[in-house]
2 protein chains.
Amino acid sequence: MSQTVDRALSILPLLAQGPADLGQVAERLGVHKSTALRLLRTLHEHGLVYRQEDQRYRLGARLFALAQEAVENLDVREIAHPHLVALNDRCGHTVHLAVYEEQEVLYIDKVESRYPVRMYSRIGKPVAITVAAVAKLLLADLTEPERRAIAEKLDYPMYTSRSTPDAAAFLKELAVVREQGWATDLGGHEESINCIGAPVRGADGRVVAAMSVSAPNVVVTAEELLTLLPLVRRTAETISREYSGTNRPKKV
Amino acid sequence: MSQTVDRALSILPLLAQGPADLGQVAERLGVHKSTALRLLRTLHEHGLVYRQEDQRYRLGARLFALAQEAVENLDVREIAHPHLVALNDRCGHTVHLAVYEEQEVLYIDKVESRYPVRMYSRIGKPVAITVAAVAKLLLADLTEPERRAIAEKLDYPMYTSRSTPDAAAFLKELAVVREQGWATDLGGHEESINCIGAPVRGADGRVVAAMSVSAPNVVVTAEELLTLLPLVRRTAETISREYSGTNRPKKV
DNA sequence: AAGTTTCGTTGCAACATATGCAACACCCAT
DNA sequence: ATGGGTGTTGCATATGTTGCAACGAAACTT
């Protein structure tokens, strides 16, 4: 763990929230302005940070290029995408694809129902890990000690009265999900939104990604949403088959 | 310029080419293995780098998350987006939005005609700078010495027989674009694809982004596409107005 | 199975490098 | 003019980073 690099990298999420000037960066990093300046300069040279005309800093172009390459290396996404679209065509609801990476669950694709162009809205943002259907699916596939370790490290915010309250309940839920091969989130994150999900598996049977369909209560009830379960599971299995079949052995 | 940070950041483009193990990273950085290890660890803690099962490193999904968050905060894009969609609704063709940054032109938004969900495909990727209509528009707005400096640094790949052949031709084209306030790419990148574009200007009149409409020959001829020019220019002007109007004075 | 190579990891001492300070330069407002 | 607000530079100190060498573990050979 390198202190200097650590500080420099801490600037990135800070700037992701919006442009900031030198003083703000220094303050939020807890370092002297001159130090912040030099770190920013280095980031700037690598194109990760951009300096706009008012001299404030924000994230730069190269970061986007890198991110693009990073996501291209996730070939699950490419394979899954057309199937997610097809699913969206049939049911009309929002479809998500997520992966587990380093103690986090991240959406890597999304097809939205009403506003097809508003796709970016949440991709890349960390998922509410204790309640989301995709998170349960991904965590349920870890080994028992891993699950336990993570469950105990997590916070359990009560987004709603139906949110997972604590580690014990979470582990129990994971066991259920693990056995039944699918997962739900019924109003656990937002009171009026329900969600059903299924796992995408690699050739060795391990879960490499998870997909879900979300819809608000006002459109369909939880019961109606659950009738889509076979369709969702079938889609996930189709993706799994294609992913395990056409792929080079060692990936993601 | 911080050496430590500089080395750490140099790892990212290196990994963008594909996964690498510790030894490879150390060698290509020209540092000792232990040094590379510590740098990688720091990158890892910030999620920029992911360690796959065979212990090799690759770019992490967090990068994607950061970029995503940053893109959301780019307000040109937010303001322009609905107008791009409206334009797409009317003409049916692919619509692009691009910005210039640090010697590069990048697409930051795209509304595609046939495959509305395939939006991600190229966003964030550098544009073919010597031929694309949006690139001409963005570069044409720079000062004369800047244009000359860039034009001389560029390569001029002959994608097709109509591609811009050299710096002289490029500068001449920029002068034309600058004066007429719009640009075209008629088969300069791909033989069968034509493109027309217009600039988005900020409060001070400077070009902050450029938009374009693209369509293949088989759908509409170049002449037919040109009839859309007034519509495209009007859209760009609408975005410009909204952008300069509702915003605090100093912004990208 | 034992030997051998390869790769990742750790502790440590020496050095190089990042740090905070203080002073300067600059712009905008009063 | 003058004051507060920026961003920027040179410098001496010491903090943090570096390479080394040795360890451990796993993979491959024999």
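Values below: every heavy atom of this structure, side chains too, minus hydrogens, waters and symmetry copies. Chain identifiers are assigned alphabetically (A, B, ...) following the order of the sequence lines, protein sequences preceding nucleic acid strands; residue numbering begins at 1 within each chain.
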Item to check | Value in whole Å for how far the P atom of C:dG11 lies from CG of B:L37 | outcome: 12 Å

Checklist entry - For the pair made of CG in B:D21 and P in D:dA26, what is the distance, rounded to whole Å? => result 17 Å

Next on the checklist: Between A:R147 and A:L142 (side chain of the first, backbone of the second, donor and acceptor by atom type, cut-off under 3.5 Å), is there such a pair?
Outcome noted: yes

Next on the checklist: Could you tell me how far apart B:D54 (CG) and D:dA27 (P) are, to the nearest whole angstrom?
Outcome noted: 12 Å

Next on the checklist: Looking at every heavy atom in both B:L43 and A:L9, which two are closest together, and how far apart are they?
Outcome noted: CD2-CD1, 3.6 Å

Checklist entry - Do the non-hydrogen side-chain atoms of B:L48 and B:I11 ever get within less than 4.5 Å of each other? => result no

Next on the checklist: Just the rounded figure in Å: distance from C1' of D:dT6 to OH of A:Y57.
Outcome noted: 12 Å

Item to check | Carboxylate-amine/guanidinium contact B:E45 B:R41, below 4.0 Å | outcome: no

Checklist entry - Of all heavy-atom pairs between A:L139 and A:Y100, which one has the smallest distance, and what is that distance? => result CD2-CE1, 3.5 Å

Item to check | A:Q55 CD - D:dG5 C1' separation (whole Å) | outcome: 12 Å

Checklist outcome for this item: In whole angstroms, the gap separating C1' of C:dC7 from CD of B:Q24 amounts to 11 Å

Next on the checklist: Please report the distance, rounded to the nearest Å, between CZ in B:R56 and P in C:dC7.
Outcome noted: 13 Å

Item to check | Sequence-aligned protein contact record of nucleotides 14-20 of chain C, with B where the base is within under 4.0 Å of a protein heavy atom and S where only the sugar-phosphate is | outcome: ---SSBB

Checklist entry - How are the rings of A:Y107 and A:H96 set relative to one another: parallel (under 30°), tilted (30 to 60°) or perpendicular (over 60°)? => result parallel

Checklist entry - Given the rule in the salt bridge (Lys or Arg N to Asp or Glu O under 4.0 Å) test, do A:R241 and A:E237 qualify, once you have shown the distances and angles that lead to the verdict? => result CA-CA 6 Å; A:R241 248 191 311 280; A:E237 277 160 26; 5.1 Å; no

Checklist entry - For DNA chain D, which ranges pair as stems of 3 or more consecutive Watson-Crick or G-U pairs, with both donor-acceptor distances under 3.5 Å? => result C:4-6 with D:25-27, C:8-30 with D:1-23

Checklist entry - Looking only at atom types and distance, does a side-chain atom of B:S212 sit under 3.5 Å from a main-chain N or O of B:G197, one as donor and one as acceptor? => result no

Checklist entry - A:D6 has an atom CG; how far is it from atom P of D:dT15, in whole Å? => result 18 Å

Checklist entry - Between A:H46 and B:S10, which heavy-atom pair has the shortest distance, and what is it? => result CE1-OG, 3.4 Å

